[in-house]
Amino acid sequence: MKTFYASITAAIAFAFAAPAQAVPTPYAYPGIESSVQYDFFAAATGEVLAYFVGSDADYTTRIALLVNGVDTGIHGLDNQTSVYGQMLNFGSVNANDRLVFKLINVNSPTVGPFYSDKTLNADGRNHIYAAQYGGDSAIPAGFAVGFEDLPNGGDFDYNDENFVFVNVARAPSDVPEPASIALLLAGAAGFGVSRRAKRAGTK
Ligand SMILES: [Ca+2]
Ligand SMILES: [Ca+2]
């Protein structure tokens, strides 16, 4: 019996120690330019970390960071050689420092660079999509960001190099996701219908 309980305990411990590896959600509307702008800030005073998620791209790219408009000079996580969960430390920043991520094309330097801030992109296109990520066994919780590496947005699949950035917050003034707006509108419309129905005495 002791052995039975021991193996059950071991099985439970294993289940909690090695959860299934979740992967940040891919961009939901490939082919369509993301309309959501992201203004990133340091959530707290401390290190900003980048974790490599994956890449579906022919170009060779790396990630870099501007803090309050100044390039840290640190870049890495080559998309052709990095593995899931590989980390790059951008060093320490102060809470509320403005963060702009920059995708560098290593072999074709005339392509890009592309920034998380759309207004800095030479083509004026939005080259990232982003979403909160809860973390997994290899990558902590943070902001999942996928880059589009083609000039003018190319195929807009936003999977050309993907990361999770840690110690990053989004500006509260940013516009909500289109999906959230649609839900809000649907909710408001439903509320209006039920009020009208009540007034008309049909329900
Ligand atoms: Ca791709
Ligand atoms: Ca692409």
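We count ligands from 1, going down the list as the structure has it; atoms in each ligand are counted the same way. Scope of the values below: all heavy atoms of this structure, side chains included, with no hydrogens, waters or symmetry mates.
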_Would you say the rings of Phe40 and Phe143 are close, in the sense that their centroids are separated by under 6.0 Å?_
yes

Task: Centroid-centroid distance, Phe165 to Phe101, less than 6.0 Å - done: yes

Tyr129 meets the ring pair (Phe, Tyr, Trp, His ring centres under 6.0 Å) criterion, sequence neighbours left out, with Tyr27

* To do: Would you kindly confirm whether Ile74 and Phe147 end up in one hydrophobic cluster when ILVMFWY residues are joined by side chain heavy atoms under 4.5 Å apart?
  => yes

Residues passing the ring pair (Phe, Tyr, Trp, His ring centres under 6.0 Å) test with Phe52, sequence neighbours excluded, are none

For the Ca ion (ligand 2) the protein N, O or S atom count under 3.0 Å stands at 6

Contacts of Asn68 meeting side chain to side chain donor-acceptor pair (under 3.5 Å) (sequence neighbours excluded), chain-then-number -> Asp97

